[in-house]
Amino acid sequence: MLEIVLCIIVILSAILALIQKDLLKAAILTGFSGGALAVLFQILLAPDVALTQAIVGAAIVPVFIALAVKKTQRSDG
Amino acid sequence: MNELIPLMVIVPLMAALLISAFSKFNKVTKIFAFVVAICLPLIPLLSNYGLHYFGGYQPMLDNVTGVMYHPAITYSFTFLQQIIIGAVGLLTFLVVFIYLTKYKKVSGPYLFLLFLGTAAVTAMILTDDIFHMFVFFEILALAQVGIVAASSIDYSYEMALKYMILGSIGSPIMLLGIGFLLALTGSVNVTDIALAVHTGLIDATSPVFLLSLALIFFGWLYASGLPPFHTIKSGIYSKAEPHGAALLQSFTVVSMISIVLIMFRIYSSLPIFEVLVVFFSILAMILGVSLALTQTDFRRMIGFLAVGELGFIGLGIGLGTNFAITAGLFQALNEIIITALLFIGFGAVVHATNEVDTRKLGGILAYHPKVAIMLLIGGLAMAGVPPLSGFQSKLMLVQASLSCGFPEISILAIMVSIATFVVFVKTYYTMFLKPKPNDLDLEGKEVPRTMVFAMGVLLIIIILLGIFPDVVTSGISNFVGGIL
Amino acid sequence: MKLYDQIFDVVKQFKKLFSPGPVTNADVSGSITAEIFLIVSLVISAILLRHVSVLLAGLVTLILTVLLISNIPLIPKFKIEQEDSLEKMIFYAVLVLALIVTFMYWGGNLV
Amino acid sequence: MAQVQLAILLTSAALVIIGLYSAIFIDNIIKKIIGISFIEEGANLFIVAIGYKAGGVVPILMPGMDTSWFAANAAYPLPFGLVLTSIVIGASTLAVMLALVMVLYRRYGTLSTKVMLADTSKQEEYNE
């Protein structure tokens, strides 16, 4: 049951990230999607992949995007 | 000495890392880069043919089924790899040499990218492991983007970003295809996968297998710049520095043939594979040459011509007989050298005139006769005029398609050659022969002597390959006999 | 007479193609060569369909010839579709991906 | 096929399709890059799902485990190793793309793809 909830979180946060007007929210929602993916990897018996994905997907990628947003503009318009 | 096989990848990779780490010391960096660049073409010439298993894991024999499994990442080094790596190594040497003499203060990151790209294509052509190839394919894409972005030409950043975005669609799709193959066979070793397909362990008509072909094929289209990626490929050639563009096109050619050979070994039992390859090759030939005819920027024109020439390689592979594949691979070797000569030669013209629009040029022949004559011979070689090397490979391709029962393809190939000739003569006339426009200042601008030297070296290879094609073709033919 | 006028009009269309900057003889003749090359090579490659079915090849070749010749000049239209803006390139890339996948999944065993 | 594996495969297909959709239809370049990175994630998820074995154990041989029981029940670890590489490659590609976007924003002052990454000849007109 948990895995289906996580799948829904991954897809929903991916879609929500793409329809946000505020790019910073989009960055945070990308982190949500990456983090949920990390837990999914753990459920799929791949703890090493889960650790990497947790660091890269939930921390590094959102920070990169947030930095890029800070250097450019915040609103999508 | 099979220990030299991994060194072909490790030497440029380590050189790249060391150069970027110690780029503060200008003189040391220059000498080091020069020494490594000399080593690159020498290592493949000195090495013996053979296999190298990383970590020393030898192939295991399954006692129950009698099948050999390859647990290690395997590098296989044969005659084809030797000449292709030799050609790329020589080109890297010439490009690094041009770069080192052009600038007083060298940039460490740029040399890093050049060596990284060379290491990546070397690994791609050597490897027998499809995922290993994918990793180096991604590294190659990053290196290509860097080489384009590092140039001082206007709008190079835009072109680099476009290439990268298209690449981040193309590569994951290819990864997905590799995933399908992995799901079917449980292995990423090409020999194992090919064996599983040919012994009937995998149903070759199952939709999953066909889908994996479709996805890897799309990645191959991106890697080789066949349509629909021909515009971006010609774009990145035109936005890179000329010597960088000469190296970029060799990367494209090598990644194209290494992926297509892997696909050929796995999917050659499917007739649809050959149909797809021939279809996209013909499309590339038609689109590349017809767009090259209408360009006014001569760098863009050479870019489209290079894409059109790629179609010939695909044609040879797609026809699928021993003779045709030999012709295609020979054409690949010729294209690496001829297109590099053209890019460096036209780069020399840009250096002397600071102008890329053919309409504003003219009368350069009187000022730079050496460059003009070498460019003329290079262009004739690309169009397939005897006795140069382009003629030999195109003749072989025409013969191969005739003997396969496709006279239409022979006619098309000859027409594309003629159109290439028209493109080249038209550009050559407007740049070199037409009277000089009044506002064009050509006095006192010298072409760097290293560029002339590089063109001379490449020209000698073109003429030698044209006169003695058997030196190369017999070896390639043996290689092709091994994979058929 | 209409076709003749159309062919004559081609040169004027090519002028627009090279619009910022002068138009030289070499450019216009190059474009006309490209036009003829495009028509002839597409028609010849349509003949390759005879390996599937001779009737289909004949039909497609005839239709393609009429369609291409009645639509000259092709090169300006062609060049607009081949420009290097990201939108067009991604559109064609994804279109080709969709076509290859559809074709392989449902028609991969037909050939 | 286990229910888990089916759900995962559908998710990865959905991620790939969301990525391809955003590549065509989204104009904002940063969102487009975010969208494209979902294609990579979908491919990663698919490859991890290949190695999964319903009711299996993590492929780490602990002391005291029976080897033949382990071989029969452990998940297939090769895809996991591949995905590790692929995740890092994806992140570095994303970083390079965002860096290029940051440079280009200074020149154009907008994040719209139609302006920033238009045809080269149109960009020349725009800058004049």
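Chain letters run A, B, ... following the sequence lines, proteins first, then strands; residues in each count from 1.
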Kindly indicate whether the side chain of [X], heavy atoms from C-beta on, has any atom under 4.5 Å from the side chain of [Y].
{"X": "D/Leu111", "Y": "A/Leu23", "answer": "yes"}
{"X": "A/Leu37", "Y": "D/Phe38", "answer": "no"}
{"X": "D/Gln3", "Y": "A/Glu3", "answer": "no"}

Between [X] and chain D, which part of the residue has a heavy atom less than 4.5 Å away: side chain, backbone, both or neither?
{"X": "A/Ile19", "value": "backbone"}
{"X": "A/Leu44", "value": "both"}
{"X": "A/Val49", "value": "both"}
{"X": "A/Ile65", "value": "both"}

Approximate separation, where rounding is to 0.5 Å, of [X] [atom1] and [Y] [atom2]:
{"X": "D/Leu10", "Y": "A/Cys7", "atom1": "CG", "atom2": "SG", "answer": "8.5 Å"}
{"X": "A/Asp48", "Y": "D/Ile60", "atom1": "CG", "atom2": "CD1", "answer": "7.0 Å"}
{"X": "D/Met102", "Y": "A/Phe64", "atom1": "CE", "atom2": "CZ", "answer": "9.5 Å"}
{"X": "A/Thr52", "Y": "D/Leu84", "atom1": "OG1", "atom2": "CG", "answer": "4.5 Å"}
{"X": "D/Ile29", "Y": "A/Thr72", "atom1": "CD1", "atom2": "OG1", "answer": "11.0 Å"}
{"X": "D/Ile87", "Y": "A/Ile60", "atom1": "CD1", "atom2": "CD1", "answer": "11.0 Å"}

Using heavy atoms and a sub-4.5 Å threshold, report which of residues 48-59 of chain D line up against chain A, by residue number.
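The stretch touches chain A at D/Val48, D/Ala49, D/Tyr52, D/Lys53, D/Gly56, D/Val57, D/Val58, D/Pro59.
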With chain D as the partner chain, list the residues of residues 27-35 of chain A whose heavy atoms fall under 4.5 Å from it, by residue number, and write 'none' if nothing qualifies.
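If one takes a 4.5 Å heavy-atom cut-off, the residues of residues 27-35 of chain A near chain D are A/Thr30, A/Ser33.
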With a 4.5 angstrom heavy-atom cut-off, could you sort out which part of D/Ala7 is near chain A: side chain, backbone, both or neither?
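For D/Ala7, the contact with chain A is made by backbone and side chain together.
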Tell me, for D/Phe80 versus chain A, whether the close heavy atoms (under 4.5 Å) come from the side chain, the backbone, both or neither.
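Both backbone and side chain.
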Would you mind telling me which of [options] has the largest number of heavy-atom pairs within less than 4.5 Å of chain A?
{"options": "D/Leu45, D/Leu15, D/Ile18, D/Val83", "answer": "D/Leu45"}
{"options": "D/Val101, D/Asp27, D/Ile8, D/Ile26", "answer": "D/Ile8"}
{"options": "D/Ile34, D/Leu94, D/Asn44, D/Val88", "answer": "D/Ile34"}

Could you tell me whether a side-chain N or O of D/Lys31 sits under 3.5 Å from a main-chain N or O of A/Leu18, the two making a donor and an acceptor?
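Side chain of D/Lys31 to backbone of A/Leu18: a pair is present.
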Do you know the tightest heavy-atom contact between A/Gln73 and D/Tyr105?
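So the minimum-distance heavy-atom pair works out to OE1-OH, 3.1 Å.
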Can you name the closest pair of heavy atoms from A/Val61 and D/Ala91 and give their distance?
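Minimum heavy-atom separation between A/Val61 and D/Ala91: CG2-CB, 4.4 Å.
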Chain D contacts, top residue of A/Ala46, A/Pro47, A/Gly57 (heavy-atom pairs, under 4.5 Å)
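The candidate making the most pairs under 4.5 Å is A/Ala46.
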